[in-house]
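Convention: sequence-line order gives letters A, B, ...; per-chain numbering from 1. What you are looking at is a predicted structure, and each value in this text was computed from that prediction instead of being measured.
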2 protein chains.
Amino acid sequence: MDDEIVEPGTGGRRWVTSADVAREAGVSRAAVSRAFTPGASVAPETRRRILAAADAVGYRPNAIARSLNTRRSGIIGVVITEIANPFYARLLEALGIALQERGLMPLVSVAPDPEATDELLVRLLSYQVDGVVVASATLSSGIAARCAAARTPIVLVDRRAGEHGREAALVGADNVGGGHLVADLLAAAGHRRHAFLAGIEATSTSTERERGFVSGLAAHGLTLTAREVGRFSYVGGRDAALRLLGRADRPDAVFCANDEMALGLMDAARATFGLRIPQDLSVVGFDDTPSAALASYRLTTVAQDVTELAEAAVTAVQEHTGSVAASARYRLIPCRLVLRESARLPPPPASTLHDPNAMTTAAVPPSGRMPAAG
Amino acid sequence: MDDEIVEPGTGGRRWVTSADVAREAGVSRAAVSRAFTPGASVAPETRRRILAAADAVGYRPNAIARSLNTRRSGIIGVVITEIANPFYARLLEALGIALQERGLMPLVSVAPDPEATDELLVRLLSYQVDGVVVASATLSSGIAARCAAARTPIVLVDRRAGEHGREAALVGADNVGGGHLVADLLAAAGHRRHAFLAGIEATSTSTERERGFVSGLAAHGLTLTAREVGRFSYVGGRDAALRLLGRADRPDAVFCANDEMALGLMDAARATFGLRIPQDLSVVGFDDTPSAALASYRLTTVAQDVTELAEAAVTAVQEHTGSVAASARYRLIPCRLVLRESARLPPPPASTLHDPNAMTTAAVPPSGRMPAAG
DNA sequence: GTGAAAGCGCTAACAC
DNA sequence: GTGTTAGCGCTTTCAC
């Protein structure tokens, strides 16, 4: 095993190449290539010798060069906004892990604003990504067509495709089912005046959660007493609380389209209206953000299984690699209820539904519906 | 402008190549290349014609092929753990934006555990990344040497280099200075019995914050009354509170190495000991996590400027690209105090230091020290 | 300012 | 099984 092969003295950034290994092991460069290709036909002995030589000279195959002629880069583009939002942070982490398990790497694009998505997507495509996962942004027509032309599969997570984005696969949490769950819980607990706090009107997450909630209430012969918009933010929730809880027919239960608004609403309910939660008011959120578990809030909420969401997304990209994928395929991940103390519980008819220490969860089957276009 | 050039009918994933554009524009492939290279010499008129042709056939340069002979991929590897931790989430977001602004893309590696870093780094290197930013993991000797051999600059964010990692550049928040700030605040507020709640002992973040705090107290003639370890977690903080606040000489001020522990401690202080904050106990955290701002906590804390941290990291990678970078360089980003209501304020000698609505901040100059090795 | 030719490091046919 | 020969799509001397 020689040692001083790596650097030729001068500062020229010279890489150890397969030719070096070939020379060292006394084989051809093709043999070296095969030794590093899982399913290739090499004599076990040769392979061993090659790997040893590679190790000696410090060789690692150049993934860039490799992908130039395999036409598979092993890179998956990930477009994401607001990583600071805990939900997207967890999603990104799960995506990263799911990809790595499959030998892929995420090339991530942080979208400063939703409109920038197209531009970012184009840049990703120039890196010959094997597929793209888009979280938190809608897809324009042009880019979808472009991906289709490049035979690059694209998966939207927790979004509906835009008008023209029929080419994309869709993976999302069952927001409708989640809203339904909440309706069942609140109705069973005997609440009469239900309110919904929407996030941003245009988003599918907010509208779907509302749809599930309203239809769930209807199933119990109930309707919505009030409705406000909180733009998915803490302050939005706090402000909405002022309007919502100041009404003559004050709601006794509020379902918020996400946790952040729910926290704002809880704070305002206590500070401004002196309400006790859940005695005077039940509050339910969506997402199961870390803050929701804090002792001062103990927010009952709907959790999305981020890991499963990520797995499904990655599986979808892989499945569509190479295949035609003419029609939009979609996959719904069920949500589950996380029971804490911010919402009253139904009277226990049979047994104890409620574990005060950890959290009790109930699964919900996917509602099975998911429109392909908004 | 012809139209149907893109797909040759069969499903063969054929890319639009520079040759197509060359043909379309009646020039050579070299000319096309130059038209897409910022500083190249092309006649303005030719370039215009080429760009138009490219647009017509839907051409974008293949970044992979390009980097094969420029030896610059435009990709920066980012190794990061626990994205779910809000601090790292914000850091990653800031890094992504900073990189994009400079025309670079982050290839991210999510480290399941700190030990996995080396393996991930090797994979990143095989993608010919132009540099690596490592957040939240220590660096082994082997990999540092490998990076050095490959002339790949590596920057550690908020970490100290391991024993052998002298090749890495270091960028970090001024944890020592941050601890110092807290000591000044608490001392000025008249507290007498100070406690420190450490995170994980082995981490530089925890030890540096402690060091700054202790030396800051010393400057006021004070010493630490008590000290506990909370492993950076909410439960850890809660448990530590039981030990810390049950003492005969109960501390009247606690500085926690991060916010999460501070929240746990606050909850336990109120629920278990019936303490009022800040009347009976002042609590200060570190990080300025979103939860810290919630009405129930209003945690006074030390904020790191994540954006600046990211900018510095990216700048460092770029600077070291191609240069020798034999000695470890480091850069400290100052922290600032975010005053809320969880800690008593010093009696206002001159004017109002405290804005109850938003938050008042005070800058601190970097302490100027940062050991290269732990 | 532009084109021709020679690679970047690797893998994929095809012979042997 | 293994070596030889062509490229992948691009940039880059080097002539002109």
[X]: what forms a side-chain hydrogen bond (donor to acceptor under 3.5 Å, both in side chains) with it, not counting sequence neighbours?
{"X": "A:Glu311", "value": "A:Arg102"}
{"X": "A:Gln100", "value": "none"}
{"X": "B:Ser109", "value": "none"}
{"X": "B:Thr307", "value": "none"}

Which nucleotide in D:dT12, D:dG9, C:dG9 has an atom nearest any side-chain atom of B:Arg71: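 Looking only at side-chain atoms, B:Arg71 lies closest to C:dG9.
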Using whole Å, what does the distance between atom [atom2] of nucleotide [N] and atom [atom1] of [X] come to?
{"X": "B:Arg49", "N": "C:dG1", "atom1": "CZ", "atom2": "P", "value": "15 Å"}
{"X": "B:Asp20", "N": "D:dC8", "atom1": "CG", "atom2": "P", "value": "12 Å"}
{"X": "A:Arg23", "N": "D:dG3", "atom1": "CZ", "atom2": "C1'", "value": "16 Å"}
{"X": "B:Tyr127", "N": "C:dG9", "atom1": "OH", "atom2": "C1'", "value": "15 Å"}
{"X": "B:Arg60", "N": "D:dC10", "atom1": "CZ", "atom2": "C1'", "value": "15 Å"}
{"X": "B:Ile50", "N": "C:dG1", "atom1": "CD1", "atom2": "P", "value": "13 Å"}
{"X": "A:Arg66", "N": "C:dA12", "atom1": "CZ", "atom2": "C1'", "value": "13 Å"}
{"X": "B:Gln128", "N": "D:dT11", "atom1": "CD", "atom2": "P", "value": "17 Å"}

Within-4.5 Å side-chain heavy-atom neighbours: A:Ile75 and B:Leu107: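 In contact.
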Sugar-phosphate only, base, or nothing, as touched by A:Thr46 at under 4.0 Å among non-hydrogen atoms: sugar-phosphate
Touch class at under 4.0 angstrom, heavy-atom based, for A:Val27 against every strand present: sugar-phosphate
With a 4.0 Å limit, can you tell me whether [X] has a side-chain N or O closer than that to the phosphate oxygens OP1/OP2 of [N]?
{"X": "B:Ser33", "N": "D:dC10", "result": "no"}
{"X": "B:Tyr59", "N": "D:dC10", "result": "yes"}
{"X": "B:Arg29", "N": "D:dT12", "result": "no"}

Donor-acceptor pair present, B:Asn62 side chain and D:dC10 base, under 3.5 Å: no
Under the side chain to side chain contact (heavy atoms under 4.5 Å, CB included) test, residues paired with B:Ala35 that sit two or more places apart: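 Applying side chain to side chain contact (heavy atoms under 4.5 Å, CB included) to B:Ala35 gives B:Ile50.
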Within residues 37-62 of chain A or reaching into it, pairs that qualify as side chain to side chain donor-acceptor pair (under 3.5 Å) - sequence neighbours excluded: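 Sorted result for residues 37-62 of chain A: A:Glu45-A:Arg48.
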Would you tabulate the pairs of protein nitrogen or oxygen atoms and nucleotide nitrogen or oxygen atoms of nucleotides 13-16 of chain C closer than 3.5 angstrom?
none

Any residue meeting salt bridge (Lys or Arg N to Asp or Glu O under 4.0 Å) with A:Glu119, in chain and number order, not counting sequence neighbours: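 Once residues adjacent in sequence are excluded, A:Glu119 has no partner under the salt bridge (Lys or Arg N to Asp or Glu O under 4.0 Å) criterion.
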Any pair counted as ring-ring contact (aromatic ring centres under 6.0 Å, His included), so long as it reaches residues 90-121 of chain B, sequence neighbours left out: none
Sequence neighbours excluded - ring-ring contact (aromatic ring centres under 6.0 Å, His included) pairs with any residue from residues 89-135 of chain A: none
Those residues of residues 35-45 of chain A lying under 4.0 Å from DNA chain D by at least one heavy atom: A:Ser41, A:Val42, A:Ala43
Partner of B:Ile154 by side-chain contact (heavy atoms from CB on, under 4.5 Å), out of B:Val129, B:Val79, B:Val132: B:Val132
Donor-acceptor contact below 3.5 Å, side chain B:Asn85 vs main chain B:Glu82: no
Watson-Crick or G-U stems involving DNA chain D, each at least 3 pairs long, distances under 3.5 Å, ordered by first number: C:1-11 with D:6-16, C:13-16 with D:1-4
5' precedence on DNA chain C between B:Ala31 and B:Asn69 (nearest-nucleotide basis): B:Ala31
